[in-house]
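Below: the structure, in structure tokens.
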Amino acid sequence: MLSFDDTAIAFSGKTDADLRRSYWLFRLVGNSNLVNFGQKATTFAINTHLPIRGFIKATIFKQFCGGEDVNECLKTIESLGKYNVGSILDYSVEGKAEEKIFDDTASHIIETIELASKKKHIPFAVFKPTGVGDIALIEKVSSKVSLSAEEQQAWEKVKNRFDGICKKAHDCKVQLLIDAEESWIQVAVDDLAHDMMLKYNKEQAIVFNTAQLYRNDRLIYLENALKDAKEKKYYFGIKLVRGAYMEKERARAQKMGYTSPINNTKADTDKEYNAALEFCVKNIDVISICAGTHNEDSAMLLVKLMRQNNIPANHPHVWFSQLLGMSDHISFNVANAGYNVAKYVPYGPVRDVLPYLIRRAMENTSVKGQTGRELSLIIKEKQRRTSQKLS
Ligand SMILES: Cc1cc2nc3c(=O)[nH]c(=O)nc-3n(C[C@H](O)[C@H](O)[C@H](O)COP(=O)(O)OP(=O)(O)OC[C@H]3O[C@@H](n4cnc5c(N)ncnc54)[C@H](O)[C@@H]3O)c2cc1C
């Protein structure tokens with residue numbers, strides 16, 4: 001019987017030293033004062049070129065990132081692969097809105113697709129829309145206002161980058177996830193993802209859009225998408241997540257005086273997420289899903305739904321996914337039971353992935369349950385190993 005409490009399996013990829021590092025790290029990030037101070041101090045130190053890069057790289061970077069470039073990630077990919085846990089290389093450099101940077105990012109993503117086509121344990125590539133296009137422009141396109149000639153030209157470039165990445169994924173037969181970000185850019189992203197699926201998902205789901213189930217309109221989105229896929233005869237690929245921008249979404253809605261698109265309560269989001277899983281599993285002939293979640297109930301529900309619907313554990317249309325350094329108890333136990341699992345493996349120069357690392361630290365501080373759960377599992381495994389050595 002599958003259980004997420006089996007820490008021997010959950011941490012089978014971790015040495016005692018890895019476990020000790022994770023223990024201290026999760027203890028530190030559990031302290032909000034320390035994280036707040038650390039965030040400011042780290043940004044200051046990096047900006048003023050204080051020599052702390054090595055320290056960050058050996059601690060929080062090692063926990064949550066695969067390396068500074070694709071080659072440095074190979075060790076992580078191999079060690080996860082030994083336990084049948086796949087890797088999704090996530091180029092995590094953020095916040096630079098220049099045409100040259102967008103082109104560079106698109107090249108990095110194409111590099112990850114090429115690597116994925118050669119390596120057994122990289123089932124997906126991934127990219128963020130704002131990595132390949134200016135957020136203000138994507139917002140403008142989403143709001144359907146007319147663009148100036150210059151903006152139209154820039155938008156054509158964004159579309160070309162999307163198409164170049166998706167075509168490469170199609171030619172290499174590598175599944176490709178398009179991350180979801182703020183709701184005010186999602187209309188354009190949904191439209192582009194739709195066009196890409198229509199073009200490249202005829203034989204199998206190559207392009208996957210992302211649905212954030214903290215939004216109160218995403219079940220309807222899924223229903224419409226399925227109808228369209230059936231009518232136009234393509235496979236619909238979708239990553240299901242709860243959504244990472246809740247505070248920002250609510251603050252903007254309040255500031256601008258419109259009704260927030262986010263569910264009122266966590267229970268509503270949980271209900272919608274689980275309903276989305278059920279909807280997708282029932283339509284697994286046309287839909288491929290990647291369940292991006294650290295929620296044990298949702299991960300277990302997906303297992304149950306697959307069993308109830310006689311879907312084999314390794315069905316190619318169903319994937320579980322978690323972030324590197326988090327919820328190994330789900331990833332490794334699910335993989336050990338024969339299900340398809342892959343971890344997001346963020347990578348990039350230490351300085352440039354700092355915003356990502358700070359978000360992980362903040363998330364593990366604010367979502368108290370998560371840190372508590374990670375820590376209690378690490379402690380349990382440390383104790384198990386100690387008593388095993390004594391016996
Ligand atoms: C592999 C992977 C890929 C991801 N990709 C994306 C992505 O492309 N885009 C993206 O936005 N996020 C993405 N995320 C993050 C994800 O959306 C969640 O923020 C994160 O995983 C926490 O949700 P959970 O399902 O793991 O579990 P839980 O910890 O059970 O859920 C926490 C989530 O519930 C929701 N929530 C919490 N409180 C409330 C409330 N009061 N009212 C309504 N809803 C509430 C929020 O979405 C919150 O993040 C990804 C996560 C993973 C693991």
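In this chain, residues are counted from 1 in sequence order. Nothing here was measured: the structure is a model prediction, and the numbers come from that model. Read the numbers this way: they start at 1 and go in the same order the structure lists the ligands and their atoms.
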Hey, looking at [atom], which of [options] has the closest heavy atom?
atom	options	value
atom 35 (C) of ligand 1	I330, D268, T269, L323	T269
atom 36 (N) of ligand 1	R242, M326, K266	K266
atom 48 (C) of ligand 1	G243, S321, A211	G243
atom 26 (O) of ligand 1	E181, H294, R250	H294
atom 12 (N) of ligand 1	A244, A267, S327, G292	A244
atom 7 (C) of ligand 1	E272, K239, Q212	K239

Side chain or backbone of [X] under 4.0 Å from ligand 1, or both, or neither, by non-hydrogen atoms?
X	value
L177	neither
N295	both
Y245	side chain

(request) Please list, chain by chain and in numerical order, all residues satisfying side chain to side chain contact (heavy atoms under 4.5 Å, CB included) with P349, sequence neighbours excluded. (result) E68, V93, D352
(message) According to side chain to side chain donor-acceptor pair (under 3.5 Å), does anything in residues 179-189 pair up with another residue at least two apart or in another chain? List the pairs.
(response) K128-D179, T130-E181, D179-K239, D179-Y344, E182-K248, S183-E249, Q186-D190
Exercise: identify the closest heavy-atom pair between [X] and [Y]:
X	Y	answer
S331	V85	O-CG2, 4.2 Å
V126	L176	N-CD1, 4.1 Å
L2	M300	O-CE, 3.6 Å

Atom indices of ligand 1 within 4.0 angstrom of [X] heavy atoms, with elements:
X	answer
T293	24 (P), 25 (O), 26 (O), 53 (C)
T265	40 (C), 42 (N), 43 (C), 44 (N)
D179	8 (O)

(message) Would A180 count as being in polar contact with ligand 1, using the rule that some N or O on each side must be under 3.5 angstrom apart?
(response) yes
(request) Determine whether the aromatic ring centres of F64 and Y356 lie less than 6.0 Å apart. (result) no
(request) State whether K380 and D5 are salt-bridged, where the test is any N-O pair (Lys NZ or Arg NE/NH1/NH2 against Asp/Glu carboxylate O) under 4.0 Å. (result) no
(request) Report yes or no: is the cationic atom of R20 (NZ for Lys, CZ for Arg) under 6.0 Å from the centre of the six-membered ring of Y23, at an angle within 45° of the ring normal? (result) no
(request) Would you please say whether a donor-acceptor pair under 3.5 Å links the side chains of H317 and Q204? (result) no
